[in-house]
2 protein chains.
Amino acid sequence: MDVDARKLRILQAIVEDYILSNTPVGSRTLSKTSGLGVSSATIRNEMADLTEMGYLIQPHVSAGRVPSAKAYRLYVTQLLPQGMHEEELTGARRAFTSRVRDMESLLTQGTATISDLTHYTALVLTPRQSDLTVRSLHLVPVGKERALLVIVTDSGVIRDTSIRVSSRLDAQALYTIGQMLTQRMRGLTLREVREMLYGYAASSDADARVLSGIADLAAQVEKQTGSDRVMVGGAHNILYYPEYADVSRARAFMDALERRDSLIAMLRQGEDQLSVRIGAETGIPEFSDCSVITAPYRIGRGHTGVIGIIGPTRMPYARMLDMMRMFSQELTAALSVKE
Amino acid sequence: MDVDARKLRILQAIVEDYILSNTPVGSRTLSKTSGLGVSSATIRNEMADLTEMGYLIQPHVSAGRVPSAKAYRLYVTQLLPQGMHEEELTGARRAFTSRVRDMESLLTQGTATISDLTHYTALVLTPRQSDLTVRSLHLVPVGKERALLVIVTDSGVIRDTSIRVSSRLDAQALYTIGQMLTQRMRGLTLREVREMLYGYAASSDADARVLSGIADLAAQVEKQTGSDRVMVGGAHNILYYPEYADVSRARAFMDALERRDSLIAMLRQGEDQLSVRIGAETGIPEFSDCSVITAPYRIGRGHTGVIGIIGPTRMPYARMLDMMRMFSQELTAALSVKE
DNA sequence: TGTTAGCACTCGCACGCATTGAGTGCTAAC
DNA sequence: GTTAGCACTCAATGCGTGCGAGTGCTAACA
C-alpha cells in the first residue's frame with residue numbers, strides 16, 4: 001500500500017487541523033471542512049489505511065485520529081504549505097534585530113527574544129571557541145592585584161575575565177605585557193594560546209614570569225574555550241500549551257532542559273543546517289513528544305553556534321521554520337559584519 | 001481576647017505541621033502529635049478562638065485549619081524555631097562560595113546557585129551603579145571601528161561594553177585617550193561621567209572629538225547605570241510545590257516574574273536588611289500566596305544589591321532565613337575583598 | 001472498482017447519587 | 001477550665017448511567 005495523492009491531502013488536512021485544535025480529528029468534520037469533496041465514509045477508509053501504515057494514531061476506538069511522529073516527518077518533508085506572509089516576517093525581523101545585534105546582546109537577550117517571538121522555549125548554543133584565532137590580547141588594571149584579560153579573536157568575539165596579577169605591575173606595565181603577548185600569540189588558536197601559557201607557567205621564562213598569575217590566565221582561557229555554553233529561555237511558554245496542562249509533564253520537560261550536556265549534544269547535531277527533529281529524533285527521551293527546530297549561525301570563518309526552539313510536536317512548522325531561518329540569517333549577518 | 005502562651009504554642013504547631021504536610025491541620029491529629037498534653041476538644045476551643053482572631057482559616061467546615069498570612073507573620077516575628085544545623089549550613093556555604101565568588105559569577109551563576117540550594121525561585125538585583133565613583137577608564141581595540149570600554153569603579157566592578165570609535169585610532173591612541181579620560185574623570189560618579197560625556201558630545205572640544213562615538217559612549221554609560229537589572233532563576237522549582245499543581249497558577253506566577261519593574265520595586269524595598277514579606281506584603285497581587293525573603297549585599301561603600309527567594313507562603317522560614325543571611329554575608333565578603 | 005449511505009457498536013466523558021471519613025461545634029459531665 | 005460524647009457538615013471518592021462523537025462494516029450505487 002502506498003501513500004497516494006489523496007492520502008497525502010487527507011494527511012495534510014489532519015495534521016493542520018490537529019495543529020490548530022489539539023483535538024483528535026474525525027472523519028465527519030474533516031469531510032465537511034477540508035473541502036476534499038469526498039464523503040466521511042471514504043475518508044474513514046483512507047484513515048484506516050493511514051493508521052495501518054503508522055501515520056495516524058487512535059487514542060481510543062471512538063475518538064478521531066491524531067498524527068504520529070511519522071506523519072509530522074512526512075508533513076515537514078513533503079507537505080509544508082507556504083509559511084509566513086512577508087510583512088509579518090519583516091515585523092519579526094525588525095523586532096529581532098533591534099534586540100540582538102552583536103555577540104553580547106545574543107548572550108544576554110538571545111533566548112528571551114527568540115522565545116518572545118516564537119512563543120516556544122528558546123535555546124542558544126555559543127560557538128566553539130577553541131579554534132578561534134587570536135588577534136590581540138590586552139590587560140587592563142582593575143584593582144590592586146587584578147587585571148581584566150581581554151582576548152580579541154578573528155571573529156570579533158571578546159573573551160574577558162578578571163585574573164590575578166602581581167601587585168608590582170602598574171597600568172603601563174600591563175599595557176606593555178599585553179603588547180608583548182599580542183606579538184607572540186597573534187594568529188594562534190585559543191587552544192594553542194592555552195597550551196603556550198601552560199608552557200610558560202611550567203618553564204622559568206623570564207618574560208613570562210612577570211605575570212604571577214600565568215597559570216590562572218591559562219586556566220581562564222581553558223575555562224572560556226573548553227566547553228560550549230547553552231542558554232535556555234522562555235521555558236514557561238510551554239505552560240500555555242494544553243499538552244502540558246499536567247504539571248508533572250511540565251516538570252519533566254523543564255528538568256530535561258537542565259541537563260545541559262545532552263542539550264548541547266542535541267544542538268551540535270544540527271550545527272550545519274536548518275533542521276527539524278521530531279519526537280524521538282531529538283535523541284532525548286523526555287522530548288519524545290516535542291519537536292526541535294535548530295538553525296546555525298556563523299561568526300567569522302566557519303565557527304558556528306546554534307539557535308533552537310523546542311515545543312510540542314504539534315507545531316506550526318512552516319511559520320517556525322521561516323522564523324528560525326530568518327534569525328539565523330540575521331545573526332550571521334550581524335556577527336560577521338565586524339572586521 | 002489575647003494570644004496567650006498556649007495559643008501561641010498551638011499556632012506554632014499548626015504552622016509547622018502545615019509547612020510540612022500542606023494539608024489542613026485537625027484538632028485530633030494535633031493533640032496526638034504535638035505533645036501539648038491537652039485533648040483535641042481543648043485544642044478545638046483554642047482553634048476556634050484563633051480562627052476568630054484571624055490567624056487560622058477553615059477551607060470548609062469539616063476540614064482542619066490552615067494558617068493565614070497573619071499567622072505566618074506572627075510565626076516569623078515571634079515563634080521562629082532554631083534554623084539549620086551548623087554543619088548543614090556550612091555545606092551550603094561551601095557550595096555557594098565555590099560557585100559565586102565575584103560580581104561576574106554572581107551575574108552568571110547567582111540565581112542558579114541560590115535556587116539550587118533553596119529549591120525556590122531565586123532573584124538577584126544588581127546594585128545601583130549611577131553613584132559608584134570612577135577609578136579609571138580604558139579603551140581596548142577589538143576591531144576596525146570598535147573598542148571595548150572598561151570602567152573600573154571604586155567597588156571593583158567593571159562595566160564593559162563595546163562602542164564605536166573612529167577608525168583612525170590605533171591601540172596606542174586608544175590607550176592614551178583612556179589615560180586622558182581617567183585623568184579627567186577619576187573620582188566622579190558614573191552619573192557625573194555620563195553628564196560630562198554628553199557635554200563633550202554637544203560641545204566642540206577638540207580633545208573630546210577624537211572619539212567619534214562619544215555620544216555612543218555616553219549612551220552606553222547611561223544604559224549601564226540608569227536602571228538596575230534583576231535576574232530570575234529556578235522558576236521551574238515552583239512546579240514541585242503542590243500549591244502550583246494547577247498550571248494556570250504556575251503560569252500566573254511565571255508571568256508575574258516577567259514584569260521586571262515591579263520585581264525591582266519589590267526587591268528595592270528590602271534593600272537595607274534581611275526581610276520576609278508574606279502574601280500581600282509583597283505588594284504584588286500575583287504573589288498574594290507567596291512569601292519573599294530578601295537580603296542585601298554590599299559592594300564597596302554602601303552600594304547595595306539584593307538577593308531574594310520567592311515561594312509559597314508555606315515555607316520553612318527559619319531555614320531559609322539562615323540561608324539567605326549566609327548568602328548575603330558571603331556575597332558582601334566576596335565582593336568587598338577587592339580593593 | 002471506487003464511493004457512499006446506513007447502522008450497530010465502542011468508549012470516553014459528564015452527570016447524578018450514595019458512601020465515606022475527617023473534622024467540627026456544642027453540650028454535659030468532671 | 002478541661003474533656004468525652006455526639007450529631008452534623010461537607011469534600012472526596014466511587015459507581016452507574018446516558019450521551020454523543022466517531023468508528024468499522026455491509027450493502028447498494030455509479
Side-chain angles (χ1 to χ4, degrees), chain A residues 1-11 13-15 17-18 20-68 71 242-243 245-246, chain B residues 1-11 13-15 17-18 20-68 71 242-243 245-246:
Chain A
M1 186 158 36
D2 70 325
V3 186
D4 59 25
R6 192 171 67 180
K7 280 193 176 58
L8 275 183
R9 287 191 63 195
I10 290 176
L11 192 61
I14 292 173
V15 168
D17 187 313
Y18 187 76
L20 285 179
S21 72
N22 191 38
T23 42
V25 184
S27 58
R28 205 177 127 77
T29 51
L30 199 61
S31 90
K32 278 187 185 166
T33 60
S34 72
L36 285 167
V38 291
S39 77
S40 64
T42 307
I43 292 182
R44 273 205 290 285
N45 289 332
E46 299 286 37
M47 282 169 124
D49 292 347
L50 287 168
T51 306
E52 199 183 330
M53 290 189 273
Y55 291 106
L56 296 177
I57 293 166
Q58 297 189 65
H60 55 87
V61 176
S62 73
R65 257 61 168 213
V66 170
S68 68
E243 283 87 343
D246 181 1
Chain B
M1 185 160 31
D2 70 328
V3 185
D4 59 25
R6 191 171 68 183
K7 280 196 174 59
L8 274 183
R9 289 192 60 195
I10 290 176
L11 192 61
I14 292 173
V15 168
D17 186 314
Y18 187 76
L20 285 179
S21 72
N22 193 37
T23 43
V25 183
S27 58
R28 204 177 128 79
T29 52
L30 199 61
S31 90
K32 278 187 187 166
T33 60
S34 73
L36 285 167
V38 291
S39 76
S40 65
T42 307
I43 292 181
R44 274 206 289 285
N45 289 331
E46 299 284 39
M47 283 169 119
D49 291 349
L50 288 167
T51 306
E52 199 182 329
M53 290 189 275
Y55 291 107
L56 297 177
I57 293 165
Q58 296 189 66
H60 56 88
V61 177
S62 72
R65 260 49 172 224
V66 168
S68 68
E243 282 88 343
D246 181 2

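Numbers restart at 1 for each chain; the letters A, B, ... are given by sequence-line order, proteins then strands. These values consider heavy atoms only, across backbone and side chains, with no hydrogens, waters or symmetry-generated copies.
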Go through DNA chain C in 5' to 3' direction and return only the first and the last nucleotide with some atom under 4.0 Å of chain A's heavy atoms. C:dT3 to C:dG12
Could you pull out the closest heavy-atom pair between A:Tyr18 and A:Thr23, with the gap in Å? CD1-O, 3.3 Å
Who passes side-chain contact (heavy atoms from CB on, under 4.5 Å) against A:Ser39, sequence neighbours left out? A:Ala41, A:Thr42
A:Ala48 or B:Thr42: which one's nearest nucleotide on DNA chain D is closer to the 5' end? B:Thr42
Applying salt bridge (Lys or Arg N to Asp or Glu O under 4.0 Å), can you list everything that pairs with B:Arg6, at least two apart in sequence or on another chain? B:Glu46
Atom-pair distance (OH on A:Tyr18; P on D:dG22), nearest Å: 14 Å
Passing option when A:Ile10 is tested against A:Leu36, A:Val15, A:Val3 for side chain to side chain contact (heavy atoms under 4.5 Å, CB included): A:Leu36
Return no unless some side-chain N or O of B:Arg28 is found under 4.0 Å from OP1 or OP2 of D:dT3. no
Starting at the 5' end of DNA chain C, what dot-bracket string do you get if Watson-Crick and G-U pairs under 3.5 Å are bracketed, crossing pairs use [ ], other-strand pairs use | and unpaired bases use dots? ||||||||||||||||||||||||||||||
Please list, chain by chain and in numerical order, all residues satisfying salt bridge (Lys or Arg N to Asp or Glu O under 4.0 Å) with B:Asp49, sequence neighbours excluded. B:Lys7
Whole-Å distance between D:dT3 P and B:Leu36 CG? 11 Å
Any idea which heavy atoms bring B:Ala13 and B:Leu30 closest together, and the distance? CB-CD1, 3.9 Å
How close do A:Met47 and A:Leu56 get, counting heavy atoms only, and between which atoms? O-CD1, 4.1 Å
Backbone N or O of A:Ser31 within a donor-acceptor pair of the A:Ser40 side chain at under 3.5 Å? no
To the nearest 0.5 Å, atom OG1 of B:Thr51 lies from atom CD of B:Gln58 at 5.5 Å
Residue-level proximity of residues 55-65 of chain A to DNA chain C when a heavy atom falls under 4.0 Å: A:His60, A:Val61, A:Ser62
Which value, rounded to the nearest 0.5 Å, describes the distance between A:Leu50 atom CG and A:Glu52 atom CD? 10.0 Å
